[in-house]
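Worksheet for the structure shown next.
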Amino acid sequence: MNLLVLSRKKGESVIIDGMIEVQILDMDEGKVKLGITAPKKIEIFRKEVYEEIIKENMEAANIYPDMTGLKNFFQKK
């Protein structure tokens, strides 16, 4: 994967794949505020949130629940 480095000023934007616009809304004290316009079907996450989702999904995939309680529940009925 390649990294594209761009310089943008407040109010300027970039277009990704003809569908996603990333606009610079504000810059202050080392922070940049971005506005993202994209189709609703495209999920947008901050990277740290996305990484946490991936981690939790992987942990959930490795859990093997104890089915004894479920078995007992249905046998009582």
Side-chain angles (χ1 to χ4, degrees):
M1 205 177 294
N2 293 321
L3 175 65
L4 174 62
V5 179
L6 299 171
S7 295
R8 300 277 76 203
K9 296 177 184 174
K10 183 177 175 180
E12 294 181 333
S13 61
V14 296
I15 304 294
I16 301 170
D17 199 28
M19 300 186 313
I20 302 167
E21 179 180 10
V22 180
Q23 184 177 19
I24 307 302
L25 300 178
D26 196 17
M27 294 181 288
D28 187 38
E29 298 179 14
K31 291 186 178 182
V32 177
K33 185 183 270 188
L34 302 174
I36 302 170
T37 305
K40 288 186 179 191
K41 66 180 181 177
I42 296 177
E43 295 180 326
I44 301 171
F45 299 101
R46 294 187 331 257
K47 184 176 180 180
E48 63 274 13
V49 172
Y50 181 75
E51 288 172 344
E52 187 64 28
I53 291 169
I54 296 298
K55 178 183 167 191
E56 288 180 11
N57 285 344
M58 292 187 72
E59 288 173 1
N62 290 324
I63 294 175
Y64 300 98
D66 179 11
M67 299 304 282
T68 306
L70 187 59
K71 181 179 174 185
N72 292 339
F73 174 78
F74 284 111
Q75 285 179 345
K76 290 179 184 177
K77 297 217 172 205

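Treat the numbers as computed from the prediction; the structure is a model and nothing was measured. Starting from 1, each residue takes its place in the sequence as its number.
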Report summary line: For L6, the side chain to side chain contact (heavy atoms under 4.5 Å, CB included) test, sequence neighbours excluded, returns L4, V14
Query - Partner residues of E51 under the side chain to side chain contact (heavy atoms under 4.5 Å, CB included) criterion, sequence neighbours left out - result: K47
Report summary line: The reported gap from CD1 in I42 to CD1 in I36 (rounded to nearest 0.5 angstrom) is 10.5 Å
Query raised in the report: Are V49 and M58 joined in one hydrophobic group, where the rule is that I, L, V, M, F, W and Y side chains link up if heavy atoms are under 4.5 Å apart?
Result: yes
Query raised in the report: Transitive ILVMFWY cluster of M1 at side-chain heavy atoms under 4.5 Å: who else is in it?
Result: none
**Report entry** Audit row: I24, L34, side chain to side chain contact (heavy atoms under 4.5 Å, CB included) steps and yes/no
**Finding:** CA-CA 5 Å; I24 307 302; L34 302 174; 3.5 Å; yes
Requested in this report: Please list all pairs passing the salt bridge (Lys or Arg N to Asp or Glu O under 4.0 Å) test where one or both residues lie in residues 23-36, with sequence neighbours left out.
Outcome: K10-D26
Report summary line: Hits for side chain to side chain contact (heavy atoms under 4.5 Å, CB included) against Y50, two or more places apart or cross-chain, chain-then-number order -> F45, I54
Query - A38 to I20 - nearest heavy-atom pair and separation - result: CB-CG1, 3.9 Å
Requested in this report: Look up atom NZ in K41 and atom CE in M19, then write down how far apart they are to the nearest 0.5 Å.
Outcome: 5.5 Å
Query raised in the report: Take atom CD in E43; do more than 12 heavy atoms of anything else shown fall under 6.0 Å from it?
Result: no
**Report entry** Remaining members of hydrophobic cluster (4.5 Å side-chain criterion), L3
**Finding:** V5
Requested in this report: Could you pull out all residues at least two apart from S13 that satisfy side chain to side chain contact (heavy atoms under 4.5 Å, CB included)?
Outcome: E21, Q23
Query raised in the report: Taking only residues two or more places apart in sequence or in another chain, which ones pass salt bridge (Lys or Arg N to Asp or Glu O under 4.0 Å) with E48?
Result: R46
Query - Non-hydrogen atoms of K9 and E12 that approach each other most closely - result: N-OE1, 2.7 Å
